[in-house]
**Q** 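Dropping the structure in here first, questions after.
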Amino acid sequence: MTNSSPLPPKTPDHPNVDASGTRQIRIFDTTLRDGEQSPGGSMNLSEKLKVAQALADLGVDVMEAGFPIASPGDFEAVREISATIRGPIICGLARCNDGDIDRAWEALQKAQNARIHVFLATSAIHREFKLRMTQDEIIARAVRGVERAVALCDDVEFSAEDAARTEIDFLCRVVEAAIRAGATTINVPDTVGYTTPGEMYARFEALRNRVPNIDKAILSCHCHDDLGMAVANSLAAVQAGANQIECTINGIGERAGNCSLEEVVMALRTRHDLFNTKTNIVTERLVPISRLLCKITGLDIQRNKAVVGRNAFAHESGIHQDGMLKDRSTYEIMRPEDVGFSKTDLVLGKHSGRAALADRARELGYQLTGEQLQTVFDQFKILADKKKEIYDGDIVALIQQQISGPSQRVWSLASFEVASGTDRIPSVQLTLQHGDEQFTERVEQGDGPIDAAFWAVEKITGVKVVCKDFRVRSATIGRDALGEVTIEVEHEGQSYRGMGTSTDSVESTILDMLNAVNRIITEKSIRSQTRVTPQDM
Ligand code: KIV
Ligand code: ZN
């Protein structure tokens, strides 16, 4: 982190600064665009809509919903999010060419507030090897792109891709030209995660000092995490005058990912003394949205992940525990409840009613519809019969199973019986429900009951898969805890994820597998209705 003091806003009545001198930082979330480019992070339309609603509830200022020209799926996602999500500005990405820009605008038609985000690489490496264009040609194309977008939409962001590795004189020229052409936000990406906080500070300082019209646009940073410095670099940019941070939930994104939203937001808040900034983020929603994204994408976070990791507030050493008992501030710089970890943990039991469950769900950051509440409540009652004490983690697991599952449940579990042991072939008798009909198969094969369960599901549903990843973990504590199983399977060259939760690990596996099978069937039927034409990127 740089030691330089923050540059003051250029005018005392700067619109982003309140009477007490605190600067408002815009949070631009790109989980659904750059984040979705994470290997294994792709989401279907209904999943994107769930994440988009959670992002709106979180209070992001701008939501980049996708890259509409990239695929019909991306176009559809931007269109649906524009039509349904209210609050944040909805943004669509486009390269600096007419086709991309027009397609982005078409997808954004129903947005309450729309933004077109145009980008063009500016660094010598990209100019020479990727684009084969001169500096003057780059400026001309950037200006044309911004002008075309401005003719359609009054909120236009321009990104100089690989800005962190662009010659500073040239970057100043491009930025000045893009603002003159009408860009209202200028984004400075560290596309390959190469820069350092000191360099980032200097780059923003140079832009602010050398670009004559810089005050006509909001300055934004967009950092990748290849060297683990995306958050630090974003904070340095803020200190040097950036008023918008581009980031993703859990830091998901290309390669090592993007700047993590929860980390950068909590750094600004916790170190208000240093940054003197504020954001619109409802921080109590950080843990719920982090968990939701893990469930939907299957991309787990490490236990010690800052802010939202399961161990982020766990104190193991006796000295720390002793200090905490005397005064929390000895070892705690943030309160767990401020980021959405619950204060109490042991909550409900067999006799708790629906209203208590709804209350607890609300406190945990979930607004359930009547139908969702009823399903979660039914599952809760079944669980309460098996397990005396129901913890927050159990409730979250039940809710997330409900809200992150595929929208259509083609196959569901009716019943199963399993037998296994040393020196015997495992066997499973499985009955699945399909519409009004039930189908039963008995399978005696596999190297254990879980493998046998896989075979049985395949046999009944007829959907053949190759298992790529299989993980089991407990949602809470104790031997009777709910077990969460996540799998990644491959079917006809495509990857699908599933998630299942039960106190019985074989049952979790069957639910998980059905979850994936239902996704495969639903997605295949959607794909057969919309022909996908791959675009030349
Ligand atoms: O990393 C990058 O440069 C980008 C741009 C498209 C903003 O994601
Ligand atoms: Zn990026």
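The figures here come from the full heavy-atom set of this structure, side chains too, leaving out hydrogens, waters and symmetry mates. Remember, it's 1-based here, ligands and their atoms both numbered in the order they're listed.
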**Q** Both conditions, 6.0 Å and 45 degrees, for the charged tip of Arg335 above the ring of Phe341: are they met here?
**A** no
**Q** If we only count N/O pairs under 3.5 Å, is His222 in contact with ligand 1?
**A** yes
**Q** Please say whether Thr191 places an N or O atom under 3.5 Å from an N or O atom belonging to ligand 1.
**A** yes
**Q** Does ligand 1 come near enough to Arg33 that some N or O of the ligand is less than 3.5 Å from an N or O of the residue?
**A** yes
**Q** For Phe119 and Phe158, what are the C-alpha separation, side-chain angles and deciding distance, and is it a ring pair (Phe, Tyr, Trp, His ring centres under 6.0 Å)?
**A** CA-CA 6 Å; Phe119 75 99; Phe158 172 76; 9.0 Å; no
**Q** Closer than 2.8 Å to the Zn ion (ligand 2): how many protein N, O or S atoms are there?
**A** 3
**Q** Is it true that Arg26 and Asp61 have a side-chain N and a carboxylate O under 4.0 angstrom from each other?
**A** no
**Q** Please work out, at 4.0 Å between heavy atoms, whether the side chain, the backbone, both, or neither of His224 comes within that distance of ligand 1.
**A** side chain
**Q** Considering only NZ, NE, NH1 and NH2 on the basic side and carboxylate oxygens on the acidic side, decide whether Arg203 and Glu199 come within less than 4.0 Å.
**A** no
**Q** Check ligand 1 against Ser159 and write out every atom of the ligand that is under 4.0 Å from a heavy-atom position of the residue.
**A** 7 (C)
**Q** Taking Asp29 for its side chain and Val60 for its backbone only, find out whether a donor-acceptor pair lies under 3.5 Å.
**A** no
**Q** Begin from the C-alpha positions of Glu157 and Thr185 and carry the test side-chain hydrogen bond (donor to acceptor under 3.5 Å, both in side chains) through to its verdict.
**A** CA-CA 5 Å; Glu157 172 168 332; Thr185 300; 4.6 Å; no
**Q** Check the side chains of Glu137 and Gln135 for a donor-acceptor pair under 3.5 angstrom, ignoring hydrogens and angles.
**A** no
**Q** List in chain and number order the residues that pass side-chain contact (heavy atoms from CB on, under 4.5 Å) with Ala121, two or more places apart in sequence or in another chain; answer none if no residue qualifies.
**A** His126, Lys130, Leu131, Glu161
**Q** Can a salt bridge be assigned to the pair Lys110 and Glu80 using a cut-off of 4.0 Å between side-chain N and carboxylate O?
**A** no
**Q** Under 3.5 Å between any N/O of Asp34 and any N/O of ligand 1: does that happen in this structure?
**A** yes
**Q** Polar-atom distance check: Glu161 versus ligand 1, any N or O pair below 3.5 Å?
**A** no
